[in-house]
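A short worksheet on the structure shown next.
What you see is a predicted model; the values in this text were computed from it and never measured.
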Amino acid sequence: IFCFLKQLQKDLQEVNELLTKATRKRLRDVLMTEKHKLELEIKNQPLLKPKDVVEEEKSSLGGYTVKINNYAWDQSDKFIKLYISLNGVQKLPAENVQVNFTERSFDLLVKNLNGKNYTMTFNNLLKPISVEGSSRKIKTDTVLVMCRKKQEEKWECLTQVEKESKEKEKAAYDTSDPSEGLMNLLKKMYAEGDDEMKRTINKAWVESREKQSKGDIPMDI
């Protein structure tokens with residue numbers, strides 16, 4: 001829709017240019033009819049919401065598009081601040097760095113930075129933000145995304161998913177039996193560890209069993 005609207009606007013511009021050069025009445029009448037048709041068609045085009053425009057531009061971007069995964073974040077009483085490092089971003093025209101905010105998300109789009117486009121999407125923010133109060137700032141080699149909190153309170157993390165993940169992890173180790181919590185931690189380390197980590201845990205387990213059999217440490221530890 002967005003691209004089609006731009007084409008109509010270009011057609012109208014060309015018709016207007018031809019009208020300034022046309023001297024024959026019949027030709028001018030044809031061009032005027034075409035001009036009115038184009039103006040009416042442009043007027044009747046549905047307005048795109050900002051997010052639709054962002055999605056439209058993403059789909060029509062030329063060049064290689066990179067998804068941004070690395071960032072740092074901080075917070076004040078009023079803002080959640082995300083720092084995204086992009087070398088040379090301050091040299092771009094301001095309109096090449098776009099952020100679309102909703103109450104629980106934002107999309108960042110950086111166009112044509114060193115021949116590449118960069119995108120970042122944050123969905124399910126932990127708490128609601130003010131769309132009107134949020135903004136972005138371009139600094140040297142950095143884009144700063146400022147999400148204005150609707151309520152001035154501390155966020156323990158950025159997204160709802162991150163919070164749920166932390167709660168599950170805490171529940172896995174938060175048991176009345178300390179040895180059970182330790183065992184769960186060891187199992188997780190073993191499952192996620194590399195070969196060196198697994199060898200270390202196996203060695204510690206064997207040594208622990210040997211000490212138990214000799215009576216050096218209580219059996220229930």
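Side-chain N or O atoms of D141 include none that pairs as donor or acceptor with a backbone N or O of S85 at under 3.5 Å. Checking side-chain atoms of R136 against main-chain N and O of Q98 turns up no donor-acceptor pair under 3.5 Å. A donor-acceptor pair under 3.5 Å links the side-chain atoms of T20 to the main chain of E17, judged by distance alone. S134 places a side-chain N or O within 3.5 Å of a backbone atom of S130 that can act as its donor or acceptor partner. Side chain of R104 to backbone of L125: a donor-acceptor contact under 3.5 angstrom is found.
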Assess whether side chain to side chain contact (heavy atoms under 4.5 Å, CB included) is satisfied between L126 and E156, documenting all intermediate values. CA-CA 9 Å; L126 184 65; E156 65 251 49; 3.9 Å; yes

Given the rule in the salt bridge (charged side-chain N to carboxylate O under 4.0 Å, His left out) test, do K111 and E95 qualify, once you have shown the distances and angles that lead to the verdict? CA-CA 9 Å; K111 296 191 290 185; E95 61 267 21; over 6 Å; no

Residue pair T119, V66: steps toward the side chain to side chain contact (heavy atoms under 4.5 Å, CB included) verdict: CA-CA 6 Å; T119 65; V66 180; over 6 Å; no

Just do the side chain to side chain contact (heavy atoms under 4.5 Å, CB included) check on V97 and L86 with the steps written out, would you? CA-CA 11 Å; V97 182; L86 291 168; over 6 Å; no

Apply the test side chain to side chain contact (heavy atoms under 4.5 Å, CB included) to residues S105 and F122: give CA-CA distance (whole Å), side-chain angles for both, the deciding distance (0.1 Å), then the verdict. CA-CA 5 Å; S105 72; F122 254 93; 5.8 Å; no

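Rounding to the nearest 0.5 Å gives a distance of 13.5 Å between CD1 of I84 and CH2 of W73. Rounded to the nearest 0.5 Å, atoms CH2 (W155) and CD (E153) are 8.5 Å apart. Distance check: L31 CG to H36 NE2 gives 11.0 Å after rounding to the nearest 0.5 Å. Considering CD1 of I129 and CE of M146, their distance stands at 12.0 Å, rounded to 0.5 Å. The structure places OH of Y83 at 7.5 Å from NZ of K139, a figure rounded to the nearest 0.5 Å.
In plain terms, the two heavy atoms of N117 and N112 that are nearest each other are OD1-N, 2.8 Å. Taking every heavy atom of both residues into account, N16 and K35 meet most closely at OD1-CE, 3.3 Å. Minimum interatomic distance between T102 and V131 (heavy atoms only, all atoms of both residues): C-CG2, 3.6 Å. The two residues C147 and F106 make their nearest non-hydrogen contact at SG-CD2, 3.9 Å. Closest non-hydrogen pair, S76 versus K81, comes out as OG-CE, 4.0 Å.
Cluster annotation: L19 is connected to L27 through the hydrophobic network of ILVMFWY side chains, with a link wherever side-chain heavy atoms come within less than 4.5 Å. Linking Ile, Leu, Val, Met, Phe, Trp and Tyr whenever their side-chain heavy atoms come within less than 4.5 Å leaves F79 and L82 in two separate clusters. V161 and I80 fall into different hydrophobic clusters, where Ile, Leu, Val, Met, Phe, Trp and Tyr are joined by side-chain heavy atoms under 4.5 Å apart, directly or via other members. V30 and L40 are not part of a single hydrophobic cluster, where members link through side-chain heavy atoms under 4.5 Å apart. By the rule that hydrophobic residues join a cluster once side-chain heavy atoms approach within less than 4.5 Å of another member, L113 and M120 end up as members of one cluster.
Counted within 6.0 Å of CD on E14, heavy atoms from surrounding residues, nucleotides or ligands total 12 or fewer; the atom is thus considered open. By the 6.0 Å contact criterion, CG on N70 is open, its count of non-hydrogen atoms from other residues, nucleotides or ligands being 12 or less.
Looking at K149 and Q75, their side chains do bring a donor and an acceptor atom within 3.5 Å of each other. In summary, the side chains of D107 and T121 do present a donor paired with an acceptor at a separation below 3.5 Å, with no hydrogens or angles considered.
Applying the salt bridge (charged side-chain N to carboxylate O under 4.0 Å, His left out) rule to pairs touching residues 21-30 yields K25-D29, sequence neighbours excluded.
Listed by chain and residue number, nothing satisfies the side-chain hydrogen bond (donor to acceptor under 3.5 Å, both in side chains) test with E162 (two or more places apart in sequence, or in another chain).
With V110 as the partner, the side chain to side chain contact (heavy atoms under 4.5 Å, CB included) test is satisfied by one option alone out of V99, V89, T65: V89. In summary, of the residues considered (V143, L158, V145), a side chain to side chain contact (heavy atoms under 4.5 Å, CB included) with Y71 occurs for L158 alone.
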